[in-house]
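As structure tokens, the structure follows; a few thoughts come after it.
What you are looking at is a predicted structure, and each value in this text was computed from that prediction instead of being measured. Heavy atoms only: backbone and side chains are in, while hydrogens, waters and symmetry mates are out.
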Amino acid sequence: LREDILELWETGKIPTKAILVVSHNIEEAVMMADRVLVFASDPGRVRDELPVTLSRPREVESSEVRGLIDKVYGLMTAGAMRMGRITDKGVKLGLGDRLPDVEIARMEGILELLVEEPFLGRADLPKLAEETELSDHELLDVSIALNLLGFALLDHGDIILTPLGKQYVLAGNAERKQIFAQQLQENVPLVAYIRHGLVQDPSGDLHEDLFLKLLRFSLDEADATSALRVAIEWGRYADLFEYNFNTGILNMPKDEETATE
């Protein structure tokens with residue numbers, strides 16, 4: 001499809017002065033476009049613009065194309081929480097913010113890959129995308145999640161393993177859960193809010209609708225449902241609470257309930 005569109009454009013077979021292509025593929029955008037626009041949400045707007053002055057046809061493995069792909073990755077990661085310069089403290093996530101929809105296993109897989117050669121703690125995101133065969137969207141979500149939890153930093157299109165991230169990789173399963181639980185409660189307000197509510201409630205259990213109602217004040221239905229689902233998945237892994245998929249009830253872990261009786 002990319003070649004077909006470019007052929008129509010370059011041969012003048014279509015009576016148009018411009019073409020707008022929406023893509024989630026960074027390489028595709030750089031290979032096709034004269035201008036790459038990076039969009040942001042809440043509110044929807046153009047956050048960055050990158051002119052592409054390379055002549056066509058473009059060689060995907062050329063240093064010029066790879067450099068532009070790096071720049072787009074850098075632009076896309078620069079606006080996320082805790083991104084930018086390595087020394088930045090970053091902005092804390094809010095209670096009603098979206099959460100990156102990333103499974104624990106995928107986060108752990110990227111961390112374990114970062115520790116090993118050839119990356120040894122630092123990877124160029126485009127190269128990491130090639131190594132993992134993840135889409136740009138999937139890799140960016142994983143990177144944002146790892147950054148949010150303090151396991152990695154993002155700097156101009158690179159992902160950098162933090163000391164805590166390395167500690168997590170080298171830890172056993174029990175220690176991993178402890179580290180994950182601590183980072184969740186410090187950095188993901190929704191998880192901390194659920195946990196606090198369960199601790200304070202005399203029954204030790206609460207229905208998910210209570211939290212969905214809260215999230216709907218700042219998110220639409222789909223994003224609210226996704227944020228709660230991710231929070232529940234991460235919190236269950238860290239043994240911060242349990243969840244009944246049939247009833248929608250969240251409750252304290254059984255061993256903690258027994259310890260408090």
For R216, look at atom CZ and say whether over 12 heavy atoms of other residues, nucleotides or ligands are found less than 6.0 Å away.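 Atom CZ in R216 is crowded, with more than 12 foreign heavy atoms closer than 6.0 Å.
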
Side-chain touch [X]/[Y], heavy atoms, less than 4.5 angstrom:
{"X": "I19", "Y": "V21", "value": "yes"}
{"X": "L113", "Y": "E131", "value": "yes"}
{"X": "L146", "Y": "I110", "value": "yes"}
{"X": "Q183", "Y": "F151", "value": "yes"}
{"X": "L68", "Y": "L54", "value": "yes"}
{"X": "L154", "Y": "I160", "value": "no"}

Can [X] and [Y] be counted as an ion pair, charged N to O under 4.0 angstrom?
{"X": "D101", "Y": "R229", "result": "yes"}
{"X": "E27", "Y": "R66", "result": "yes"}
{"X": "E242", "Y": "K254", "result": "yes"}
{"X": "E233", "Y": "R106", "result": "no"}

Can you tell me how far the [atom1] atom of [X] sits from the [atom2] atom of [Y], to the nearest 0.5 Å?
{"X": "Q182", "Y": "N187", "atom1": "CD", "atom2": "CG", "answer": "9.0 Å"}
{"X": "M107", "Y": "I104", "atom1": "CE", "atom2": "CD1", "answer": "4.0 Å"}
{"X": "M252", "Y": "D201", "atom1": "CE", "atom2": "CG", "answer": "10.5 Å"}
{"X": "L140", "Y": "N147", "atom1": "CG", "atom2": "CG", "answer": "11.5 Å"}

Under the 3.5 angstrom rule, does the side chain of [X] hit a backbone N or O of [Y] as a donor-acceptor pair?
{"X": "D223", "Y": "D220", "answer": "no"}
{"X": "R195", "Y": "L240", "answer": "yes"}
{"X": "R176", "Y": "V169", "answer": "yes"}
{"X": "R56", "Y": "M32", "answer": "yes"}

Aromatic rings F211 and Y193: how do their planes relate, parallel, tilted or perpendicular, breaks at 30° and 60°?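 Perpendicular, since the angle between the ring planes exceeds 60°.
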
For residues Y243 and F245, establish whether the separation of their ring centroids is below 6.0 Å.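 Yes, close enough.
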
Using the test side-chain hydrogen bond (donor to acceptor under 3.5 Å, both in side chains), find all partners of T225 that sit at least two apart in sequence or belong to another chain.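 For T225, no residue satisfies side-chain hydrogen bond (donor to acceptor under 3.5 Å, both in side chains) once neighbours in sequence are set aside.
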
